[in-house]
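The chains referred to below are lettered A, B, ... by the order of the sequence lines, with proteins before strands, and numbering in each begins at 1.
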Protein chains: 2
Amino acid sequence: MTTRSDKSFSRRERPAKPALSREWIVATAVALMRREGLERVTMRRLARELDTGPASLYVYVANTAELHAAVLDELLGEVDLGPVQAQAEADWRDRLVRILFSYTAVLFEHPGLARSALVTRPSGRHYLDLLEALLALLAEGGVPGGRAAWGVDVLLQMATATAAEQSTRYAAPDAQEEMDALMAAVRGASDRTHPQLRALSEELFSGPGKARLDWGFRALINGIQQTARPDRR
Amino acid sequence: MTTRSDKSFSRRERPAKPALSREWIVATAVALMRREGLERVTMRRLARELDTGPASLYVYVANTAELHAAVLDELLGEVDLGPVQAQAEADWRDRLVRILFSYTAVLFEHPGLARSALVTRPSGRHYLDLLEALLALLAEGGVPGGRAAWGVDVLLQMATATAAEQSTRYAAPDAQEEMDALMAAVRGASDRTHPQLRALSEELFSGPGKARLDWGFRALINGIQQTARPDRR
DNA sequence: ACCTGAACACCGTTCAAGT
DNA sequence: ACCTGAACACCGTTCAAGT
């Protein structure tokens with residue numbers, strides 16, 4: 001299903017092989033990921049794409065994890081931060097949730113990137129912009145600074161973890177089997193040993209993923225707002 | 001650093017190579033993980049451990065993901081569910097948090113297992129026991145069933161995601177560099193474009209991980225208790 | 001039915017040698 | 001300084017052939 005290139009060049013027009021640079025490597029990695037997914041963005045595959053040997057990349061990139069982190073930084077530019085602006089119809093919570101959904105959607109589109117996002121702690125410009133937007137909305141809602149500072153972390157963690165599990169599940173062929181196995185196990189549990197599980201067996205699997213995530217964000221936002229940080233000593 | 005074996009057998013005592021079976025494969029995989037970490041539990045390495053070729057394992061295990069899921073199910077038996085029992089000094093929230101910390105600790109001890117737990121949705125006996133315990137404590141706290149059913153999912157997700165990021169960070173050599181990079185970026189942000197970030201730059205990185213996770217659990221529990229589920233139509 | 005050797009198609013990373 | 005060929009030490013999975 002891979003198409004070689006959308007444009008074709010006559011021999012005369014064909015651009016010269018560009019010099020290696022960190023920027024060019026990352027840009028090529030992003031393009032490769034859009035075409036074939038993050039799992040194909042390996043040092044060897046990327047080197048082939050750049051018409052060189054894998055060893056050459058190590059001049060500009062420390063290892064595969066750093067490469068994936070750079071790709072993530074790039075993608076974060078697609079998150080829609082528009083809802084930071086005050087809007088007549090929507091209160092700060094709704095706008096906060098909207099940004100979190102946009103962030104989730106970006107990770108969702110690129111299975112594998114979410115898993116690397118859980119582990120990578122980006123520090124690029126786009127990530128800072130995202131943090132600033134979330135903090136601004138929490139401040140607008142009157143959430144004390146200390147709670148907001150710890151809160152953005154867990155909000156982004158919920159979004160990232162959800163994208164990681166959903167996107168992997170979506171790609172995995174045995175996703176449904178796994179879910180079926182859990183549902184069967186819950187329904188088959190004994191009423192004597194697992195009464196709660198039996199009573200809630202339908203509720204546990206109810207609702208579309210989107211509604212559950214929306215509720216999760218709102219529950220967490222409410223908790224952040226109302227839960228005091230521990231005393232420091 | 002790998003030692004061949006703790007015990008040594010005379011030729012006469014040396015146990016015969018046991019017949020392959022799913023149980024034996026999983027048990028060997030768990031032992032291998034305890035000795036060398038999950039990253040060494042590959043089909044090829046495990047086959048070598050079992051004195052056979054990798055192809056033989058595929059008779060009993062569909063693929064590497066399923067193998068790792070089986071190992072996880074096994075490990076979940078170590079979670080301390082003791083706090084489900086009513087206790088004079090501690091209310092349901094404290095006991096709930098204690099179980100969640102025990103779960104986190106188990107995953108924490110085995111870097112890599114947490115990452116696979118995020119994606120694998122176990123359905124074994126130990127996982128059901130864990131769900132039952134969490135639901136029982138939420139019921140004791142008077143949390144409506146629908147909220148509890150959706151709540152256990154996000155609570156376990158927070159625990160799993162935290163274990164996944166922390167344990168990876170701990171193992172990764174550039175963990176501190178990454179953190180330093182983010183701290184430097186935040187402190188270097190412009191007061192005009194990122195006022196919230198600048199104002200909270202110290203708070204964002206404050207506190208030991210344990211205190212932050214404890215606060216996160218409590219915030220989420222409070223939110224679960226107080227946030228209504230969306231109307232169904 | 002169960003087991004396996006060998007093969008296919010890959011990996012990340014290092015290092016000595018070149019320009 | 002930058003770049004690279006070749007090597008080292010691995011992967012997951014399949015399949016034809018054996019017992």
Side-chain angles (χ1 to χ4, degrees), chain A residues 1-2 16-26 28-29 32-33 35-72 111-113 115-116 119-120 168 171-175 177-178, chain B residues 1-2 16-26 28-29 32-33 35-72 111-113 115-116 119-120 168 171-175 177-178:
Chain A
M1 209 57 70
T2 308
K17 176 181 160 184
L20 282 180
S21 69
R22 194 183 154 97
E23 286 72 35
W24 181 240
I25 289 171
V26 172
T28 307
L32 180 58
M33 185 205 60
R35 276 207 317 281
E36 311 192 8
L38 190 71
E39 64 278 10
R40 295 274 187 245
V41 183
T42 65
M43 296 302 248
R44 291 180 103 106
R45 180 73 174 74
L46 184 56
R48 229 183 304 144
E49 203 76 5
L50 289 161
D51 220 345
T52 182
S56 306
L57 306 185
Y58 285 85
V59 178
Y60 303 96
V61 173
N63 50 45
T64 307
E66 196 195 291
L67 174 66
H68 286 182
V71 169
L72 174 64
L113 204 58
R115 259 163 303 159
S116 114
V119 155
T120 211
T168 309
D174 10 59
E177 283 174 46
E178 226 173 49
Chain B
M1 210 55 72
T2 307
K17 176 181 160 184
L20 281 181
S21 70
R22 196 186 153 95
E23 287 71 36
W24 181 241
I25 289 172
V26 173
T28 308
L32 180 58
M33 185 206 60
R35 278 207 319 280
E36 309 192 9
L38 190 71
E39 64 279 9
R40 296 271 188 248
V41 183
T42 65
M43 296 301 249
R44 291 181 101 105
R45 181 74 173 73
L46 184 55
R48 229 183 303 144
E49 203 76 5
L50 289 161
D51 221 344
T52 182
S56 306
L57 305 185
Y58 285 85
V59 177
Y60 302 97
V61 173
N63 51 46
T64 308
E66 196 194 292
L67 174 67
H68 286 182
V71 169
L72 173 64
L113 205 57
R115 258 163 304 158
S116 113
V119 156
T120 212
T168 310
D174 10 60
E177 284 174 45
E178 226 173 50

All side chain to side chain donor-acceptor pair (under 3.5 Å) counterparts of A:Ser56, not counting sequence neighbours:
A:Thr52
Would you mind classifying the nucleic acid contact of A:Arg48 as base, sugar-phosphate or nothing, using non-hydrogen atoms under 4.0 angstrom?
sugar-phosphate
Residue set satisfying salt bridge (charged side-chain N to carboxylate O under 4.0 Å, His left out) with A:Arg48, at least two apart, ordered chain then number -> none
Defining pairs by Watson-Crick or G-U wobble geometry with both distances under 3.5 Å, how would you list the stems of DNA chain D with at least three pairs each?
C:4-8 with D:12-16, C:12-16 with D:4-8
Find the distance A:Leu50:CG to D:dC2:C1' and express it as a whole number of Å.
15 Å
Rounded to whole Å, please give me the gap between CG in B:Leu46 and C1' in C:dT4.
16 Å
Say you draw a straight line from CE of A:Met33 to CG of A:Leu72; how long is it, rounded to the nearest 0.5 Å?
9.5 Å
Once you round it to whole Å, what is the distance between P of D:dG5 and CG of A:Asp51?
10 Å
Check residues 37-44 of chain A and write down every donor-acceptor pair under 3.5 Å in which the side-chain atom is one partner and the other belongs to a residue at least two apart or another chain.
from, atom 1, to, atom 2, distance (Å)
A:Thr42, OG1, A:Arg45, N, 3.0

Nearest-angstrom distance from the residue atom CG of B:Leu57 to C1' of C:dG5:
14 Å
How close do B:Tyr60 and B:Ile25 get, counting heavy atoms only, and between which atoms?
CD1-CD1, 3.6 Å
Stepwise, does the side chain to side chain contact (heavy atoms under 4.5 Å, CB included) test hold for A:Glu49 with A:Glu36?
CA-CA 12 Å; A:Glu49 203 76 5; A:Glu36 311 192 8; 5.7 Å; no
P spacing across the pair C:dA9 / D:dC10, given as an integer number of angstrom
23 Å
At their closest point, which heavy atom of B:Trp24 faces which heavy atom of B:Leu50, and how far apart are they?
NE1-CD2, 3.3 Å
Which atom pairs link the protein and nucleotides 12-19 of chain D when you take only N or O atoms and keep those under 3.5 Å?
from, atom 1, to, atom 2, distance (Å)
D:dG12, OP1, B:Met43, N, 3.2
D:dG12, OP2, B:Met43, N, 3.2
D:dG12, OP2, B:Arg44, N, 3.2
D:dG12, N7, B:Arg44, NH1, 2.7
D:dG12, O6, B:Arg44, NH1, 2.4
D:dT13, OP2, B:Tyr58, OH, 2.8
D:dT13, OP2, B:Thr64, N, 3.2
D:dT13, OP2, B:Thr64, OG1, 3.2
D:dT13, O5', B:Tyr58, OH, 3.3

Nearest atoms (heavy-atom pairs only) where A:Asn63 meets A:Tyr58
CA-CE2, 4.3 Å
Under 4.0 Å: is that the gap between some side-chain N or O of A:Tyr60 and OP1 or OP2 of D:dC2?
no
What is the distance, rounded to the nearest whole Å, between atom CG of A:Leu38 and atom C1' of C:dC11?
14 Å
Of the non-hydrogen atoms in B:Ala47 and B:Leu57, which two are nearest, and what is the gap between them?
N-CD1, 3.9 Å
